[in-house]
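First the structure, in the form of structure tokens, and then the observations on it.
Worth knowing before you read on, the calculation uses all heavy atoms, side chains too, and leaves out hydrogens, waters and symmetry mates. What you see is a predicted model; the values in this text were computed from it and never measured. Order of appearance sets the numbers: ligands from 1, and atoms from 1 within every ligand.
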Amino acid sequence: MCGIFGVFGVKNAANYIYFGLYALQHRGQESVGIAVFDGKKIREWKNLGLVSEVFNEEILKNLPGSIGIGHVRYSTTGLTILQNVQPFCVNFAKKTIAIAHNGNLVNAYQIRCKLEEEGHIFQTTMDSEVIVHLIAKNHKKGIISAICETMKKIRGAYSVLLLYENSLIAFRDPWGFRPLSLGILDGGYIISSETCAFDLIGVQYLRDIEPGEVLVIDKEGPQSFKVFEKDEIKLSHCIFEFIYFSRPDSYIFGKNVYIVRKNLGRNLYKECPLSADFVMPFPDSGNYAAIGYAQASGLPLEFGMIRNHYIGRTFIQPSEKIRDISVKIKLNPVKDILKNKEIIIIDDSLVRGTTSRDRLKSIKEAGAKNIHFLLSCPPIRFPCFFGIDFPTASELIAAKHNVEEIRRFLDIKTLYYLSIEGLLSAVEELKDRVCLACFTGEYPLEVDFTFRKDIAEI
Ligand code: 5GP
Ligand code: MG
């Protein structure tokens with residue numbers, strides 16, 4: 001997963017991009033980059049690490065210009081190496097183009113192999129690079145036609161920002177998998193993966209970039225192009241953006257994430273009304289569903305586990321080993337709250353099961369009597385090919401085990417997963433417009449089950 005942020009027509013664009021990426025840091029902690037155009041050339045700065053680690057005032061001062069794009073990365077295609085840090089900048093036909101991409105393409109490898117056979121030379125192992133190659137290949141027809149041609153060839157999830165000559169260009173896949181919003185600031189335009197980044201710098205939200213839309217912003221103002229006919233493709237917004245990924249203060253796909261998560265908790269109570277001494281979340285991802293459950297049940301809400309906020313999700317995180325170590329230092333149980341208590345614990349999701357097992361063990365060690373563990377989404381049984389890090393079915397606990405087996409593995413009294421119906425009712429009018437593939441296995445487009453994140457590595 002990744003976060004992208006673009007600015008058009010605002011002085012010192014790099015400063016705004018810096019704050020925008022700061023607000024999008026939860027979407028990716030491996031690497032960060034900013035590219036800006038000063039009217040003559042594109043300058044960029046990028047590295048592995050967090051926004052606050054990679055940038056400082058001095059660096060931002062050396063990125064002058066009023067148009068620019070930025071990116072934070074959590075890799076789902078291509079390894080975590082400097083070469084794969086975005087924005088990715090290339091020169092072709094005396095022009096420079098920089099790209100920032102959120103989402104995963106499902107046919108990038110096939111396109112890449114074909115282009116390589118034709119003599120194209122790739123510099124990275126990211127799926128995003130094929131987008132640039134396809135645009136360069138079609139550039140003689142003009143940039144807009146080149147993007148439209150490209151969108152007809154690539155399949156999968158893509159919310160993309162391009163910095164090209166004097167323009168900022170945004171385009172989004174016709175399924176609408178990942179969010180992308182447009183706002184205004186001081187007569188300029190801002191585009192962000194999530195609206196929480198707008199709030200930080202005082203941007204007024206205008207609208208979402210539409211699924212299948214290309215939006216070109218230059219000195220003439222914004223110009224919109226539709227690449228696909230309406231109703232040609234079924235909308236498939238990623239429901240996991242609501243469950244886990246996006247920030248609760250964001251509006252995505254037209255809805256506030258906090259409210260949806262509270263609805264999930266309320267629906268959990270409707271389906272699984274338990275009594276206990278109190279309700280508690282595994283913070284932070286379980287907080288909002290826990291509030292929903294507590295309010296619906298009338299039970300008290302406690303924070304029986306305290307999170308250390310200074311544990312960065314570092315760029316080494318994708319390795320299984322590091323994930324396990326970080327669990328133990330991230331959440332600490334409060335013994336006096338938990339001792340001899342019957343507790344309903346709410347979390348957003350169970351993926352591999354390993355983190356939750358460790359956390360539940362430490363709750364038991366703190367003296368909790370009975371534990372009911374409730375999840376605000378159904379069992380995740382199928383991998384995601386569109387940008388969420390659910391790699392292979394073999395790593396997903398619910399792909400191999402039923403609920404009773406998982407309950408025994410977690411060693412708790414009750415394990416309950418929200419139903420698909422409960423999930424859909426929480427997103428209300430979006431219920432026919434979401435991708436549920438990780439729960440149902442019904443993918444909105446053809447996927448390749450042999451896909452691996454390092455597929456393009458040599
Ligand atoms: P598990 O017990 O399955 O190992 O981990 C479950 C926890 O992982 C939940 O608290 C959930 O919030 C978190 N989680 C869910 N999806 C993701 C993801 O894509 N990346 C990371 N880092 N954590 C996730
Ligand atoms: Mg969590």
Which atoms from ligand 1 have a heavy atom of T355 less than 4.0 Å away?
-> 1 (P), 2 (O), 4 (O), 5 (O)
Are the ring centres of F439 and F382 closer than 6.0 Å?
-> no
Of the side chain and backbone of V351, name the one, both, or neither that has a heavy atom under 4.0 Å from an atom of ligand 1.
-> both
Atoms in ligand 1 with a heavy atom of L350 nearer than 4.0 Å | 2 (O), 3 (O)
Polar proximity ligand 1 side, G353 side, N/O cut 3.5 Å exclusive | yes
Here the atoms of ligand 1 under 4.0 Å from any heavy atom belonging to F240 are 16 (N)
Determine whether the side chains of E129 and H133 contain a donor N or O and an acceptor N or O closer than 3.5 Å.
-> yes
Check whether any heavy atom of R359 sits under 4.0 Å from an atom of ligand 1.
-> yes
Near the Mg ion (ligand 2), protein N/O/S count under 2.8 Å comes to 1
T125-N84 side chain donor-acceptor pair, cut-off 3.5 Å | yes
Please identify which atoms of ligand 1 are closer than 4.0 Å to at least one heavy atom of D348.
-> 9 (C), 10 (O), 11 (C), 12 (O)
N or O pair under 3.5 Å between R357 and ligand 1 = no
Ring centroid separation Y417 to F373 under 6.0 Å | no
Can you tell me if CG on N402 sees more than 12 non-hydrogen neighbours from other groups inside 6.0 Å?
-> yes
Measure T354 to ligand 1 on non-hydrogen atoms and call it side chain, backbone, both or neither using the 4.0 Å cut-off.
-> both
Can you figure out which of Y74, F282, Y244 has its heavy atom closest to atom 13 (C) of ligand 1?
-> Y244
Taking atom types as modelled and ignoring hydrogens, do the side chains of Q83 and T124 form a donor-acceptor contact shorter than 3.5 angstrom?
-> no
Measure from NZ or CZ of R112 to the centre of the six-membered ring of F122 and say whether it is under 6.0 Å with the direction within 45° of the ring axis.
-> yes
Distance in Å, N102 CG paired with R27 CZ, rounded so as to fall on 0.5 Å steps | 5.0 Å
With a 3.5 Å cut-off and no angle check, do the side chains of N267 and S425 form a donor-acceptor pair?
-> yes
State yes or no: are the ring centers of Y158 and F177 separated by less than 6.0 Å?
-> no
Any side-chain donor-acceptor pair under 3.5 Å between D347 and S285?
-> yes
Which atoms from ligand 1 have a heavy atom of S285 less than 4.0 Å away?
-> 10 (O), 12 (O)
What about S356: any of its N or O atoms under 3.5 Å from an N or O on ligand 1?
-> yes
Do the charged groups of R155 and E446 touch, with an N to O distance under 4.0 Å?
-> no
